[in-house]
**Student:** 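Take a look at this one; I'll ask things after.
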There are 2 protein chains.
Amino acid sequence: MTHDAYTPHNHHHCIDAALNNARSLCAEQGARLTPIRQRVLELVWSSHKPVGAYDLLPTLAAEGFNSAPPTVYRALDFLLGLGLVHRISTLNAFIGCSQPNTDHASCFFICRDCGKAQELAASEVQALTAQVERALGVKVEQQTTELTGLCPACLEQH
Amino acid sequence: MTHDAYTPHNHHHCIDAALNNARSLCAEQGARLTPIRQRVLELVWSSHKPVGAYDLLPTLAAEGFNSAPPTVYRALDFLLGLGLVHRISTLNAFIGCSQPNTDHASCFFICRDCGKAQELAASEVQALTAQVERALGVKVEQQTTELTGLCPACLEQH
DNA sequence: CGTAGAATTGCAACATTATAACTCAATCCA
DNA sequence: TGGATTGAGTTATAATGTTGCAATTCTACG
């Protein structure tokens, strides 16, 4: 990773990278990145902040897309299925996945002040999974972790 | 911990322990464990499965309590505030806290087959927090972790 | 080509989860 | 006692997410 959500950067690169990821993943899987799906992905990636499904509707409507809830939820479900976005359950919101080719864990740190979220590296969460499997004798299939607190920039301002 | 959610046990002990915890915590904090709050806590503890707020309404109604949504949400908010229950965001549900006197992390393993949830020990999650704080330079204030998979009993049946 | 089957989208209604606003009653405490 | 605070009742509504079905578009195959 060349930067994280809390480091200033040219955000167009993030969007471009996400779209390229999506295109190659869809090609690989024979899935169709239709206009509405691509646009939803772009909108989700328009910031590093989790975005609610209903927040997308006005923009889609203004751009001439159908904007009923099922439309946006179907696009999000499609992107979730490919691992291109994650759902942040504690916020009922969605965010782009920065590591769509690796595991399916959905692990984020979310700044409570600026709202930006940063996906955690796999190495940071695998140890927990392994330890829980050992301690409880269970098989972990899916991991959701949502840490909240203050990011470096917001820490400075306090 | 003498047992976990996946080990057969006399569940009355769990409920009794939860109520005792609640009573002493309320006494300590000068908070009032009113009938409806106590009943909601009992109902949440009636199994080791996360329970939805709306699932509680019929039972409360049958017992003569007011059963409009605000009533149950207020009771749950009270219990959440004292750390006596946790919210499972991925399920929009609530579950009793087995360690109300320690930290405020809300970390669970949830069996996708039988639905029972087991709170994780603090030691199992603190390492992740520490590692994220180091890696990102952030300050973690709150942790939510929801692992899904198969518990020991359900593993055997597959 | 052209058509059958599959995938996608449009659309309307509805389900679920949670909160707001205002009132009245109970409790606390000086 | 009496004023302040907290809790509960009530109604309405907001926010989030889903179902079901018809219409359309795409794709693959003969």
Side-chain angles (χ1 to χ4, degrees), chain A residues 22-23 25-41 43-44 49-82 84-95 106 115 144 146, chain B residues 22-23 25-41 43-44 49-82 84-95 144 146:
Chain A
R23 278 189 274 261
L25 193 57
C26 286
E28 198 178 289
Q29 311 247 335
R32 289 161 54 197
L33 191 64
T34 60
I36 201 159
R37 290 170 175 172
Q38 173 169 335
R39 190 68 185 117
V40 166
L41 182 59
L43 291 175
V44 166
K49 301 179 190 178
V51 58
Y54 277 68
D55 295 338
L56 303 174
L57 296 182
T59 307
L60 291 174
E63 296 177 359
F65 290 99
N66 176 40
S67 67
T71 298
V72 89
Y73 278 104
R74 282 193 286 233
L76 288 168
D77 285 346
F78 172 84
L79 298 168
L80 283 167
L82 289 180
L84 292 165
V85 305
H86 288 297
R87 201 178 119 83
I88 305 289
S89 299
T90 53
L91 300 176
N92 292 331
F94 301 84
I95 191 164
S106 174
T144 296
E146 293 164 22
Chain B
R23 278 189 275 263
L25 192 58
C26 286
E28 197 178 289
Q29 311 248 333
R32 290 161 54 196
L33 191 64
T34 60
I36 203 160
R37 290 170 175 174
Q38 172 169 335
R39 191 66 185 118
V40 165
L41 182 60
L43 291 175
V44 166
K49 302 179 189 177
V51 58
Y54 277 68
D55 297 336
L56 302 174
L57 296 181
T59 307
L60 290 173
E63 295 176 359
F65 289 99
N66 175 40
S67 67
T71 298
V72 88
Y73 277 103
R74 282 193 284 235
L76 287 168
D77 285 346
F78 172 83
L79 298 168
L80 283 168
L82 288 180
L84 292 165
V85 305
H86 288 297
R87 203 179 117 82
I88 305 290
S89 298
T90 53
L91 300 176
N92 291 332
F94 301 84
I95 191 164
T144 297
E146 292 164 22

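All values derive from a computational prediction rather than experimental measurement. Each chain gets a letter, A, B and so on, in the order the sequences are listed, and its residues count up from 1. For the numbers below, each heavy atom of this structure counts, side chains included, while hydrogens, waters and symmetry mates do not.
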**Student:** How many Å lie between CZ on B:Phe65 and P on D:dT10, as a whole number?
**Tutor:** 14 Å

**Student:** Which residue in the set A:Leu56, A:Val40, A:Ile36 passes side chain to side chain contact (heavy atoms under 4.5 Å, CB included) when paired with A:Thr71?
**Tutor:**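 Output: one option passes, namely A:Ile36.
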
**Student:** For C:dA26, take OP1 and OP2 only and decide whether either is under 4.0 Å from a side-chain N or O of B:Arg32.
**Tutor:** no

**Student:** Just how far, in rounded Å, is P of D:dG7 from CZ of B:Phe78?
**Tutor:** 7 Å

**Student:** How many whole angstroms separate atom CG of A:Asp55 from atom C1' of D:dG17?
**Tutor:** 14 Å

**Student:** Please tell me which of B:Pro69 and B:Gly64 maps to the more 5' nucleotide of DNA chain D, matching each residue to the nucleotide holding its nearest heavy atom.
**Tutor:** B:Gly64

**Student:** Expressed in angstrom and rounded to an integer, what is the separation of A:Arg37 atom CZ from C:dA7 atom C1'?
**Tutor:** 8 Å

**Student:** Would you say B:Tyr73 reaches C:dT19's phosphate, i.e. side-chain N/O to OP1/OP2 under 4.0 Å?
**Tutor:** no

**Student:** Just call it for B:Asn66: base, sugar-phosphate, or nothing, with non-hydrogen atoms closer than 4.0 Å on any strand.
**Tutor:** base

**Student:** Do the side chains of A:Val72 and A:Ser67 get nearer than 4.5 Å, heavy atoms only?
**Tutor:**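 No, side chains not in contact.
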
**Student:** Can you tell if the side chain of B:Thr34 reaches within under 4.5 Å of the side chain of B:Gln38, non-hydrogen atoms only?
**Tutor:** no

**Student:** When the distance from CG of A:Leu76 to C1' of C:dT8 is rounded to whole Å, what number comes out?
**Tutor:**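 Taking CG of A:Leu76 and C1' of C:dT8, I get 15 Å after rounding.
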
**Student:** Whole angstroms only, please: what is the CZ-C1' distance between B:Arg87 and C:dT19?
**Tutor:**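 Answer to the nearest Å: 13 Å.
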
**Student:** B:Leu60 has an atom CG; how far is it from atom P of D:dG7, in whole Å?
**Tutor:**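 For the pair B:Leu60 CG and D:dG7 P, the rounded distance is 18 Å.
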
**Student:** Please confirm whether the shortest side-chain N or O distance from B:Asn92 to OP1 or OP2 of C:dT16 is below 4.0 Å.
**Tutor:** no

**Student:** Compare the minimum distances between each of C:dT8, C:dT19, C:dA18 and the side chain of B:Phe94, then state the nucleotide with the smallest one.
**Tutor:**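 Closest of the options to the side chain of B:Phe94: C:dA18.
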
**Student:** Checking all strands, does A:Arg74 fall into the base, sugar-phosphate, or nothing category for heavy-atom contacts under 4.0 angstrom?
**Tutor:** base

**Student:** Verify the contact: side-chain N or O of A:Thr34 to OP1 or OP2 of C:dT8, cut-off strictly under 4.0 Å; return yes or no.
**Tutor:**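 Checking A:Thr34 against C:dT8: no side-chain N or O falls below 4.0 Å of OP1 or OP2.
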
**Student:** When you compare the ring of B:Tyr54 with the six-membered ring of C:dT17's base, are the centres less than 5.5 Å apart and the planes under 30° from each other?
**Tutor:**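 Stack criterion met.
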
**Student:** Return the value, rounded to whole Å, for the distance between atom CG of A:Leu91 and atom C1' of C:dT17.
**Tutor:** 16 Å

**Student:** Begin from the C-alpha positions of A:Glu146 and A:Ser89 and carry the test side-chain contact (heavy atoms from CB on, under 4.5 Å) through to its verdict.
**Tutor:** CA-CA 8 Å; A:Glu146 293 164 22; A:Ser89 299; 3.8 Å; yes

**Student:** Would you find a donor on one side and an acceptor on the other, under 3.5 Å apart, between the side chain of B:Asp55 and the backbone of B:Gly52?
**Tutor:** yes

